[in-house]
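Note: hydrogens, waters and symmetry copies are ignored here, and every other heavy atom, side chains too, is used. All residue numbers refer to positions in the sequence shown, counting from 1.
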Amino acid sequence: MRDSTISASIDTTAHRDPETIRTALQAWLKARWPGVHLSGLSTPEGSGASSELFLVDITDGPEGVTPGEQSLVLRLSPAYPVYPHVDLESQARCMTLAPPLVPRVLAVETDTEVLGSAFLLMQLASGAKAPDLPSYVEKGWMRELTAGQQRQQWWHAVDAIAGVHAASVDASQVPGLQLPVPGDHALDRMLAYWEAFLALVEQGGPQPALARAVSWLRGNRPDMPDDAALVWGDASLRNMLFDGLAPSALLDFEFAHVGLRDFDIAFFAVMDWLMAEGFAGGAPRLPGFAGVHETIDYYERATGRSVSHREYLLRMSLTYSSLATTR
């Protein structure tokens with residue numbers, strides 16, 4: 001049984017009145033797409049800690065979408081934000097640039113008067129999910145795979161991350177999609193973002209361990225290339241849906257931006273370790289999943305790019321995870 005802190009973080013729509021959301025959303029849909037009918041509204045189990053999700057069923061969808069009954073996802077900007085900056089319009093633009101595996105965004109609404117928060121409306125992706133609680137290393141379909149199948153799944157996931165990084169980003173789009181903090185280099189903007197994140201976390205009280213971690217990153221800043229690329233920002237198995245062993249959808253683009261792409265692959269490797277060490281209380285990782293450096297080696301071969309300063313990137317990934325989960 002999950003504890004009250006985890007429950008409060010995951011059940012983020014508990015304070016919302018579904019009937020109020022239903023009535024307001026129906027009016028908004030009719031105003032935007034006359035003829036669209038809201039036929040169902042529900043909350044997925046464990047909607048996530050960094051956003052608030054509802055599943056929405058409609059009939060006679062908007063222009064360009066297959067008519068008839070279909071399911072969408074309503075993602076509201078959270079009342080208690082995890083990130084120091086929340087920009088749904090930037091998130092939607094990043095999702096549009098990303099590969100076809102990323103769900104299509106149908107609408108962005110920034111008027112908080114409509115539903116009480118800004119929100120995205122996007123198509124519902126299908127596939128099998130890696131569960132958070134209990135962690136997929138303890139229970140579920142991924143644990144039942146053979147080690148060979150797990151290894152194939154792992155490489156398919158890395159290929160999907162490389163696909164995000166290969167997205168075409170026009171130079172004119174870059175300034176509006178970078179992290180909204182000072183800095184002339186992608187790494188400097190990332191460091192400034194961690195400092196803003198730390199300030200947000202410390203609104204609840206001092207966090208000396210996190211402060212030391214962020215200070216270490218600033219004090220040991222390496223010389224890295226500043227080649228702008230689309231960054232997922234939360235690359236992990238738990239944010240993928242699968243059809244067989246290959247990803248069918250990539251989810252959770254709240255921290256997506258144009259910046260330091262190597263962060264993604266380091267975070268992917270670290271997050272799987274955390275799913276075992278942290279979420280599963282020290283349980284062993286699944287036997288077919290590759291180690292950190294083996295994973296980065298594969299990514300280098302797949303992309304033809306060298307990932308330098310690995311230890312620094314791994315420390316940065318752990319710092320990010322700590323900032324997010326502490327918040």
side-chain hydrogen bond (donor to acceptor under 3.5 Å, both in side chains) involving Asp188 - partner list, sequence neighbours excluded: Arg221
Thr295 and Trp154 side chains, donor-acceptor separation under 3.5 Å: yes
Check: Ser90/Asp87 side-chain N/O donor and acceptor closer than 3.5 Å: no
Common cluster, Trp33/Phe119, ILVMFWY with side-chain heavy-atom separation under 4.5 Å: yes
Donor-acceptor contact present, side-chain His257 to main-chain Gly259, <3.5 Å: no
Interatomic distance, Gln178 atom CD to Gln173 atom CD [nearest 0.5 angstrom]: 12.0 Å
Backbone N/O of Pro103 and side chain of Gln123: donor-acceptor pair under 3.5 Å: no
N/O donor-acceptor pair under 3.5 Å between Gln26 side chain and Thr23 backbone: no
ILVMFWY cluster, Leu101 and Leu251 together (side-chain gap under 4.5 Å): no
Distance, nearest 0.5 Å, that separates CH2 of Trp155 from CZ of Phe289: 11.0 Å
Ion pair check, Asp252 and Arg75, cut-off under 4.0 Å: yes
Asp57 and Ser39 side chains, donor-acceptor separation under 3.5 Å: no
Criterion side chain to side chain contact (heavy atoms under 4.5 Å, CB included) on Leu38 and Arg22, from CA distance to verdict: CA-CA 8 Å; Leu38 176 61; Arg22 182 193 303 272; 3.7 Å; yes
Side chains of Leu74 and Ile21 in contact at under 4.5 Å (non-hydrogen atoms): yes
Non-hydrogen atoms of Val214 and Thr319 that approach each other most closely: CG2-CG2, 3.9 Å
Step-by-step side chain to side chain contact (heavy atoms under 4.5 Å, CB included) determination, Leu286 to Tyr136: CA-CA 9 Å; Leu286 296 183; Tyr136 57 76; 4.1 Å; yes
Pair Leu318-Leu274, side chain to side chain contact (heavy atoms under 4.5 Å, CB included): steps then yes or no: CA-CA 9 Å; Leu318 285 166; Leu274 288 173; 4.2 Å; yes
Non-hydrogen atoms of Ile161 and Ala235 that approach each other most closely: CD1-CB, 3.9 Å
All pairs passing ring pair (Phe, Tyr, Trp, His ring centres under 6.0 Å) where residues 223-249 contributes a residue, at least two apart: Trp141-Phe242, Trp232-Phe253
Hydrophobic cluster membership, Leu145 vs Leu241, 4.5 Å side-chain cutoff: no
Hydrophobic cluster membership, Leu179 vs Leu313, 4.5 Å side-chain cutoff: yes
Check: Phe255 ring centroid to Phe197 ring centroid under 6.0 Å: no
Identified side-chain contact (heavy atoms from CB on, under 4.5 Å) counterpart of Arg189 within the set Asp184, Asp226, Leu260: Asp226
Student check: side-chain heavy atoms of Leu53 and Thr43 closer than 4.5 Å: no
Side chain to side chain donor-acceptor pair (under 3.5 Å) partners of residues 158-171, not counting sequence neighbours, each pair once: Asp159-Tyr298, His165-Asp264, His165-Tyr299, Asp170-Ser172
Donor-acceptor contact below 3.5 Å, side chain Ser135 vs main chain Met275: yes
Min side-chain heavy-atom separation Cys94-Leu230 under 4.5 Å: yes
Backbone of Ser77 reached by a side-chain donor or acceptor of Ser117 within 3.5 Å: yes
Inter-residue atom distance Thr326.OG1 - Leu200.CG, 0.5 Å rounding: 11.0 Å
Minimal non-hydrogen separation, Met142 against Gln150, with atom names: O-NE2, 3.2 Å
Met190 vs Met316 side-chain heavy atoms within contact, under 4.5 Å: yes
Leu97 and Leu177, any side-chain heavy atoms less than 4.5 Å apart: yes
Lys139 atom NZ, over 12 foreign heavy atoms within 6.0 Å: no
Value rounded to 0.5 Å, distance of CG in Leu25 from CZ in Arg32: 11.5 Å
Val231 backbone acceptor or donor facing Arg261 side chain under 3.5 Å: no
From Leu237 atom CG to Met271 atom CE, the distance as rounded to the nearest 0.5 Å: 10.0 Å
Nearest heavy atoms of Ala107 and Trp28, plus distance in Å: CB-CH2, 3.7 Å
Donor-acceptor contact present, side-chain His309 to main-chain Asp223, <3.5 Å: yes
Criterion salt bridge (charged side-chain N to carboxylate O under 4.0 Å, His left out) on Asp262 and Arg305, from CA distance to verdict: CA-CA 10 Å; Asp262 291 346; Arg305 296 182 60 259; 2.8 Å; yes
Any side-chain heavy-atom pair of His85 and Val181 under 4.5 Å: yes
Atom pair CZ (Phe54) and CG (Leu121), whose distance is rounded to the nearest 0.5 Å: 13.0 Å
Check against ring pair (Phe, Tyr, Trp, His ring centres under 6.0 Å), Phe279 and Trp273: CA-CA 9 Å; Phe279 284 70; Trp273 178 82; over 10 Å; no
Donor on one side chain, acceptor on other, Glu89 and Thr110, under 3.5 Å: no
Arg310/Glu300 ion pair, N-O < 4.0 Å: yes
Short side-chain to backbone donor-acceptor contact, Ser321 and Ser317, under 3.5 Å: no
Any side-chain heavy-atom pair of Leu76 and Leu120 under 4.5 Å: no
Contact summary for Phe268 and Ser236, nearest pair of heavy atoms: CD1-CA, 3.7 Å
Within 6.0 angstrom of Asp227 CG, more than 12 heavy atoms from elsewhere: yes
Where Arg238 and Lys129 come nearest, the two heavy atoms and their spacing: O-NZ, 2.6 Å
Heavy-atom side-chain proximity of Asp234 to Phe267 below 4.5 angstrom: yes
Carboxylate-amine/guanidinium contact Arg16 Glu52, below 4.0 Å: yes
Chi angles and distances behind the side chain to side chain contact (heavy atoms under 4.5 Å, CB included) call for Glu195, Arg218: CA-CA 9 Å; Glu195 289 162 349; Arg218 175 65 77 180; 3.0 Å; yes
